[in-house]
Student: 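Quick one: the structure is below, questions incoming.
Sequential numbering from 1 along the given sequence is applied to the chain's residues. Computation of the quantities below employed the complete heavy-atom set of this structure, encompassing side-chain atoms and omitting hydrogens, waters and symmetry-equivalent molecules.
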Amino acid sequence: MHHIAIAGNIGSGKTILTAKLAKHYNWLAHFDDTEDNPFLADFYNDMERWAFHLQIHFLNVRFKHAKKARESKTSIIQDRTIYEDAYIFASALHRSKLMSERDFVTYMELFDSMVENLSPPDLLIYLRADIPKLVEQIHKRARPFEDLLRLDY
């Protein structure tokens with residue numbers, strides 16, 4: 001059993017690569033929760049108001065995925081990891097003052113408690129693209145809530 005994770009910016013192709021590798025190798029795929037996420041559209045509309053809620057939602061989803069990966073008898077490929085949420089997204093939201101100090105400390109304490117019970121992925125594949133390519137890919141997906149996405153984010 002292997003746990004492979006795909007990391008990268010929004011629009012870098014994580015979902016496509018995850019799907020292709022899962023199909024090719026007959027792995028179980030865990031995808032980023034965008035379509036059924038109850039906070040994502042609200043977050044893009046008002047980042048400061050919804051940053052903590054969104055990050056807690058992602059933390060919970062990714063913890064469940066990582067736990068399933070640890071317990072699985074088949075190989076799993078995961079689109080985005082719990083580590084990116086904490087060390088990249090939540091940290092950036094905090095640095096940019098979109099997440100308060102109190103919320104960030106609470107988030108990180110919860111994250112630390114969760115990862116004590118996890119093993120990191122066996123392999124992490126990082127996808128990289130320049131900003132014009134990322135913007136092109138995001139627009140190509142035509143997700144209505146992403147129309148609110150600010151370029152500086």
Side-chain angles (χ1 to χ4, degrees), residues 3-19 28-72 76-153:
H3 177 195
I4 296 91
I6 310 295
N9 290 77
I10 298 167
S12 63
K14 296 178 303 298
T15 301
I16 291 169
L17 182 59
T18 298
L28 179 61
H30 288 171
F31 293 98
D32 201 8
D33 178 26
T34 55
E35 300 304 319
D36 297 323
N37 187 312
F39 299 104
L40 203 53
D42 291 328
F43 170 74
Y44 286 141
N45 191 45
D46 185 351
M47 290 183 171
E48 189 171 358
R49 165 72 176 95
W50 294 101
F52 180 73
H53 299 81
L54 177 70
Q55 289 307 126
I56 290 295
H57 174 78
F58 278 134
L59 183 66
N60 184 46
V61 168
R62 298 212 212 290
F63 177 72
K64 289 177 183 177
H65 286 174
K67 198 170 149 205
K68 284 180 187 175
R70 186 186 73 207
E71 298 165 354
S72 180
I76 289 179
I77 185 160
Q78 183 179 7
D79 172 359
R80 183 96 53 220
T81 70
I82 195 170
Y83 304 98
E84 288 172 276
D85 282 322
Y87 297 126
I88 296 172
F89 291 102
S91 294
L93 289 166
H94 177 249
R95 280 192 313 276
S96 64
K97 306 290 186 222
L98 293 170
M99 186 185 294
S100 73
E101 179 71 18
R102 178 188 65 182
D103 288 351
F104 182 66
V105 168
T106 300
Y107 174 90
M108 290 306 295
E109 287 174 352
L110 183 57
F111 167 78
D112 290 339
S113 295
M114 290 176 153
V115 296
E116 286 178 3
N117 300 295
L118 299 177
S119 300
D122 299 307
L123 174 68
L124 178 70
I125 301 169
Y126 177 73
L127 301 181
R128 184 175 164 174
D130 60 24
I131 291 177
K133 182 64 174 177
L134 296 171
V135 171
E136 175 189 329
Q137 294 293 95
I138 290 168
H139 286 284
K140 196 184 299 183
R141 296 193 297 213
R143 294 176 181 160
F145 57 84
E146 287 180 339
D147 290 342
L148 302 170
L149 184 60
R150 299 184 338 226
L151 189 56
D152 62 337
Y153 177 72

Student: Say you draw a straight line from CG of L40 to CG of L54; how long is it, rounded to the nearest 0.5 Å?
Tutor: 5.5 Å
Student: F39 and side chain to side chain contact (heavy atoms under 4.5 Å, CB included): which partner among Y44, F52, W50, F58?
Tutor: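 Only one of Y44, F52, W50, F58 forms a side chain to side chain contact (heavy atoms under 4.5 Å, CB included) with F39, namely W50.
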Student: Is the backbone of I88 close enough, under 3.5 Å, to the side chain of S91 for a donor and an acceptor to pair up by distance?
Tutor: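 Pair absent, no side-chain N/O of S91 close to backbone of I88.
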Student: So, the side chain of R80 versus the backbone of A5: is there a donor-acceptor pair under 3.5 Å, distance only?
Tutor: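 Not confirmed, R80 side chain does not pair with A5 backbone.
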Student: Do F43 and L98 have side chains that get closer than 4.5 Å, going by heavy atoms?
Tutor: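 Counting from C-beta outward, F43 and L98 never come under 4.5 Å.
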Student: Surrounding CZ of R128 (heavy atoms of other residues, nucleotides or ligands, distance under 6.0 Å), is the total greater than 12?
Tutor: no
Student: Do the side chains of I77 and L17 get nearer than 4.5 Å, heavy atoms only?
Tutor: no
Student: So, for A51 and M99, which heavy atoms are closest and what is the spacing to 0.1 Å?
Tutor: O-CE, 3.9 Å
Student: Taking the side chain as everything from C-beta on, heavy atoms only, tell me whether F111 gets closer than 4.5 Å to Y83.
Tutor: yes
Student: If every non-hydrogen atom of E84 is compared with every non-hydrogen atom of G8, which pair is closest and at what distance?
Tutor: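 E84 and G8 have their closest heavy atoms at OE2-N, 3.2 Å.
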Student: Can you measure from NZ (K64) to NE2 (H30) and round to the nearest 0.5 angstrom?
Tutor: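 So the NZ of K64 and the NE2 of H30 are separated by 12.0 Å.
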Student: F31 versus H65: any side-chain heavy-atom pair under 4.5 Å?
Tutor: no
Student: On a heavy-atom basis, which atom in S100 and which in H94 lie closest, and how many Å separate them?
Tutor: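 Smallest interatomic distance, heavy atoms only, reads O-CD2, 3.8 Å.
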Student: May I have the step-by-step check of side chain to side chain contact (heavy atoms under 4.5 Å, CB included) for R49 and D42, ending in yes or no?
Tutor: CA-CA 8 Å; R49 165 72 176 95; D42 291 328; over 6 Å; no
Student: Measure the shortest side-chain to side-chain distance between L110 and I56 over non-hydrogen atoms and say whether it is less than 4.5 angstrom.
Tutor: yes
Student: What's the spacing between Q55 CD and N60 CG if we round to 0.5 Å?
Tutor: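 Spacing of CD (Q55) from CG (N60) equals 12.5 Å.
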Student: Is L127 close to K14 at the side-chain level, that is, under 4.5 Å between some pair of heavy atoms?
Tutor: yes
Student: Assess the residue pair D85 and F63 against the criterion (side chain to side chain contact (heavy atoms under 4.5 Å, CB included)); give the C-alpha distance rounded to whole Å, side-chain angles, the decisive distance to 0.1 Å, and a yes or no.
Tutor: CA-CA 11 Å; D85 282 322; F63 177 72; over 6 Å; no
Student: To the nearest 0.5 Å, tell me how far D36 CG sits from H57 NE2.
Tutor: 8.5 Å
Student: Name the atoms and distances for all side-chain donor-acceptor pairs under 3.5 Å in residues 113-126, with sequence neighbours left out.
Tutor:
unit_1: S113; atom_1: OG; unit_2: E109; atom_2: O; d: 3.1
unit_1: N117; atom_1: ND2; unit_2: S113; atom_2: O; d: 3.2
unit_1: D122; atom_1: OD2; unit_2: H3; atom_2: N; d: 2.8

Student: Rounded to the nearest 0.5 Å, what separation is found between the CD1 atom of I4 and the OG1 atom of T81?
Tutor: 13.5 Å
